[in-house]
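Here's the structure, in structure tokens; my notes come after.
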Amino acid sequence: MTSSLFRGRQRRATSHISVRVAHTLLGGLAGVVWLVLPGMTFDDGAAVAGPRAGSAQQVQAQEDGSSAADLVLPLLVVGAAGAVAGYTYVRRTRRARTRTTPGGALVAPWTPSTGELDAQAQALLVTADDCVRTSRAQLGFVEARFGKSAVAPLTAALRDAEGELRAAFRMRQQYDDGVPEEPAARRHALAGVVGRCEEAGRRLDAEAARFDQLRALEKGLGEALEVAEDRFRALAGRTGAVEALLTDWHERYAPSATAPVTGHTEQAKDRLVFATVRLNQSRQCADRAETERAALHLCAAEGAIAQAAVFLDGVERLGAALRNAEALVPAALTGAEAELARARKGRADVPAGELWARILHADGALAVVRDERTTGPYDPLGALRRIVHSAAPLTTEPTAGVLGAAALLVGRTAISAADDVVATHRGAVGAVARTRLAEAARLLTEDPTAAAEYAGEARDLAEQDVRVHGNPATEHESGVAGAILGGVLLDAETPTTFGGPRTRARGMGANAPL
């Protein structure tokens with residue numbers, strides 16, 4: 001953006017050029033007049049001469065006057081041409097200095113500041129992540145109709161976009177960690193993030209037309225509606241069963257055990273209510289042969305159905321993790337106590353004072369876990385998390401044995417919980433939370449304990465973003481606010497679908513623009 005200061009300078013420069021050209025033109029004309037006037041005569045002076053001498057003088061005066069008059073027009077043309085040539089030269093020179101043309105180069109290109117480049121990188125990370133998540137959900141409906149082989153090119157494009165996005169998140173995480181340190185290198189890193197995100201979007205944009213051709217809603221709208229309605233009915237039937245599970249867990253486990261899925265069933269119902277409205281609207285539009293509007297309503301319904309599934313899947317996944325953790329806690333306690341016994345014998349790679357502090361911390365954490373198990377309902381995943389964190393500083397192989405299995409379960413569960421928050425509230429979640437989540441996923445098999453920490457941070461940041469953002473103030477119909485917050489809609493009417501930034505909000509009918 002050009003500042004008002006620079007805009008003012010450009011106007012003054014234009015004014016000065018105009019004044020100079022006017023001066024040049026006037027000066028040229030004055031010079032021509034100065035050259036011509038001395039050679040010109042007037043009829044009044046010629047009438048005073050005598051009769052005989054006058055005839056010769058008149059002839060001579062007429063000849064001189066004709067010669068001078070003949071010089072006036074050419075000199076005027078030459079002067080005007082010179083002025084125009086000067087003005088054209090000045091304009092061309094100024095244009096070549098201020099903008100890129102086929103015959104010139106940009107002398108002073110605008111470059112964003114580091115802060116502006118940082119903001120651009122964060123915005124593109126959010127957009128690219130949204131596009132990947134939406135495309136993945138939409139592809140699932142098409143695959144249900146046509147099979148995996150039919151969507152193979154689309155799957156490959158999505159996989160490529162995911163790879164670019166992972167690389168972009170990795171670069172961003174390193175940038176946040178202060179790597180690299182040099183200012184020029186840090187700008188280069190931000191430019192790399194921007195480039196990776198743009199490439200991910202281009203890969204999805206390139207396959208948007210193929211997605212529409214395969215889906216062919218102008219011909220197969222009825223079949224697509226049936227697929228969406230079947231999924232809707234299956235989710236509606238699961239909702240009651242999931243609520244019963246949560247009721248059972250509230251009696252069986254400590255409140256912290258079910259905290260990650262608090263409100264999931266209510267939000268699932270909200271998405272399903274929205275889906276109900278949009279499916280009905282799609283049916284009505286189809287009956288009136290309004291194919292494009294029917295396709296848009298169907299696309300919005302599919303997005304809401306996919307998010308309702310995320311909510312319900314998250315509850316069931318947590319239940320499985322709690323059962324696994326409950327079975328693993330006794331063995332993990334034994335493994336941690338064995339690590340404590342080895343640590344008490346000393347370690348050459350750790351100073352004695354630091355080692356003793358680690359032992360005391362682990363001993364206290366294990367005592368708390370043992371006490372929780374005997375005094376009443378407890379949180380198995382929370383207990384397993386404390387065991388893993390207390391034993392990790394004592395062991396030299398954190399990914400091996402029962403403690404490694406416990407760390408992997410804790411890390412995977414933490415990543416899933418954070419990912420569910422991002423997926424279902426992506427209209428509000430920013431780049432930092434998504435970056436930490438991507439780093440957690442990258443570290444899961446390498447260092448599951450660190451992965452769990454990154455995932456916990458990601459979830460906290462995502463929930464903070466949601467609180468700051470809030471829900472849209474106005475709802476045009478039931479469920480719209482949740483759909484916007486979840487990224488199903490970009491606004492009250494525009495659904496998102498398979499594609500990158502350029503195509504994700506396109507229409508889905510026969511006349512849809514690309």
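Bear in mind that the values here come from a model prediction, so they are computed numbers and not experimental data.
Side chains of R358 and S390: no donor on one and acceptor on the other come within 3.5 Å. For Q173 and R442, the side-chain atoms include no donor-acceptor pair closer than 3.5 Å. No donor-acceptor contact under 3.5 angstrom links the side chains of S416 and D419, judged on distance only. A donor-acceptor contact closer than 3.5 angstrom is absent between the side chains of H297 and E292.
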Go through the steps to decide whether R436 and D176 satisfy the test salt bridge (charged side-chain N to carboxylate O under 4.0 Å, His left out), and finish with yes or no. CA-CA 10 Å; R436 301 298 179 269; D176 291 345; 3.1 Å; yes
Tell me, with the steps shown, if L409 and V388 meet side-chain contact (heavy atoms from CB on, under 4.5 Å). CA-CA 10 Å; L409 176 60; V388 168; over 6 Å; no
Salt bridge (charged side-chain N to carboxylate O under 4.0 Å, His left out) between R386 and E372, worked out: CA-CA 12 Å; R386 282 194 294 274; E372 287 179 347; 2.3 Å; yes
Criterion side-chain contact (heavy atoms from CB on, under 4.5 Å) on I484 and V480, from CA distance to verdict: CA-CA 6 Å; I484 293 175; V480 169; 3.8 Å; yes
Apply the test salt bridge (charged side-chain N to carboxylate O under 4.0 Å, His left out) to residues R186 and E181: give CA-CA distance (whole Å), side-chain angles for both, the deciding distance (0.1 Å), then the verdict. CA-CA 7 Å; R186 289 179 68 76; E181 297 181 355; over 6 Å; no
Assess the residue pair E207 and R210 against the criterion (salt bridge (charged side-chain N to carboxylate O under 4.0 Å, His left out)); give the C-alpha distance rounded to whole Å, side-chain angles, the decisive distance to 0.1 Å, and a yes or no. CA-CA 5 Å; E207 296 298 326; R210 187 194 299 270; 2.5 Å; yes
Decide side chain to side chain donor-acceptor pair (under 3.5 Å) for Q267 and H425; before the verdict, give the C-alpha distance in whole Å, the side-chain angles of both, and the deciding distance to 0.1 Å. CA-CA 11 Å; Q267 293 184 79; H425 300 83; 3.0 Å; yes
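One N or O on the side chain of T374 and one on the backbone of D371 form a donor-acceptor pair closer than 3.5 Å. In terms of modelled atom types and a separation under 3.5 Å, the side chain of D465 and the main chain of G430 share a donor-acceptor contact. A donor-acceptor contact shorter than 3.5 Å is absent between the side chain of T494 and the backbone of D491. Between the side chain of S135 and the main chain of V132, no donor-acceptor pair closer than 3.5 Å is present. S282 places no side-chain N or O within 3.5 Å of a backbone atom of R278 that could act as its donor or acceptor partner. Counting only distance, with no hydrogens or angles, the side chain of T134 and the backbone of D130 share a donor-acceptor pair below 3.5 Å. The backbone N or O of S113 sits less than 3.5 Å from a side-chain atom of E116, completing a donor-acceptor pair. A donor-acceptor pair is defined here as one N or O able to donate and one able to accept, closer than 3.5 Å; no such pair exists between the side chain of D177 and the backbone of V179. Here the side chain of D379 pairs no donor or acceptor atom with the backbone of A254 at under 3.5 angstrom. Not one N or O on the side chain of E316 forms a donor-acceptor pair closer than 3.5 Å with the backbone of V242.
At least one side-chain heavy atom of R373 sits under 4.5 Å from a side-chain heavy atom of L333. Put simply, the side chain of P448 does not reach to within 4.5 Å of the side chain of V410, judged on heavy atoms.
Across all non-hydrogen atoms, the minimal contact from Y378 to A383 is CE1-CB, 3.8 Å. Closest approach of G411 and L444 over heavy atoms only: C-CD1, 3.8 Å. Here the shortest heavy-atom pairing between A268 and L312 reads CB-CD2, 3.9 Å. In terms of heavy-atom proximity, A308 sits nearest to R271 at CB-CB, 4.0 Å. L381 and L318 make their closest contact through CD1-CD1, 3.7 Å (heavy atoms, listed as atom of the first residue, atom of the second, distance).
Comment: E164 does not engage R203 in a salt bridge, judged by the lack of any side-chain N to carboxylate O separation of less than 4.0 angstrom. Between E326 and R252 a salt bridge is recorded (basic side-chain N to carboxylate O distance below 4.0 Å). Ionic pairing of R459 and D420 is not present here: no N-O contact between side-chain nitrogen and carboxylate oxygen is shorter than 4.0 angstrom. Here R215 pairs with E302 in a salt bridge; the nearest charged N to carboxylate O distance falls below 4.0 Å. No salt bridge links R187 with D118; every basic N to acidic carboxylate O contact stays at or beyond 4.0 Å. The residues E337 and R370 are annotated as salt-bridged, a charged nitrogen and a carboxylate oxygen being separated by less than 4.0 angstrom. A salt bridge is absent between E266 and K269; no separation between the charged side-chain nitrogens and carboxylate oxygens falls under 4.0 Å. A salt bridge between D129 and R166 is absent, with no side-chain N of the basic residue lying under 4.0 Å from a carboxylate O of the acidic one.
F169 does not carry R434 over the face of its six-membered ring by the limits of under 6.0 Å from the centre and within 45° of the normal. Cation-pi contact between R504 and F498: absent, since separation from the ring centre below 6.0 Å together with deviation from the ring axis within 45° is not met.
If you take CD on E162 and CG on L165, they are separated by 8.0 Å, rounding to the nearest 0.5 Å. In this structure, OG1 on T265 lies 11.5 Å from CG on D270, to the nearest 0.5 angstrom. Taking CG from N324 and CG from L328, the interatomic distance works out to 8.0 Å, rounded to the nearest 0.5 Å.
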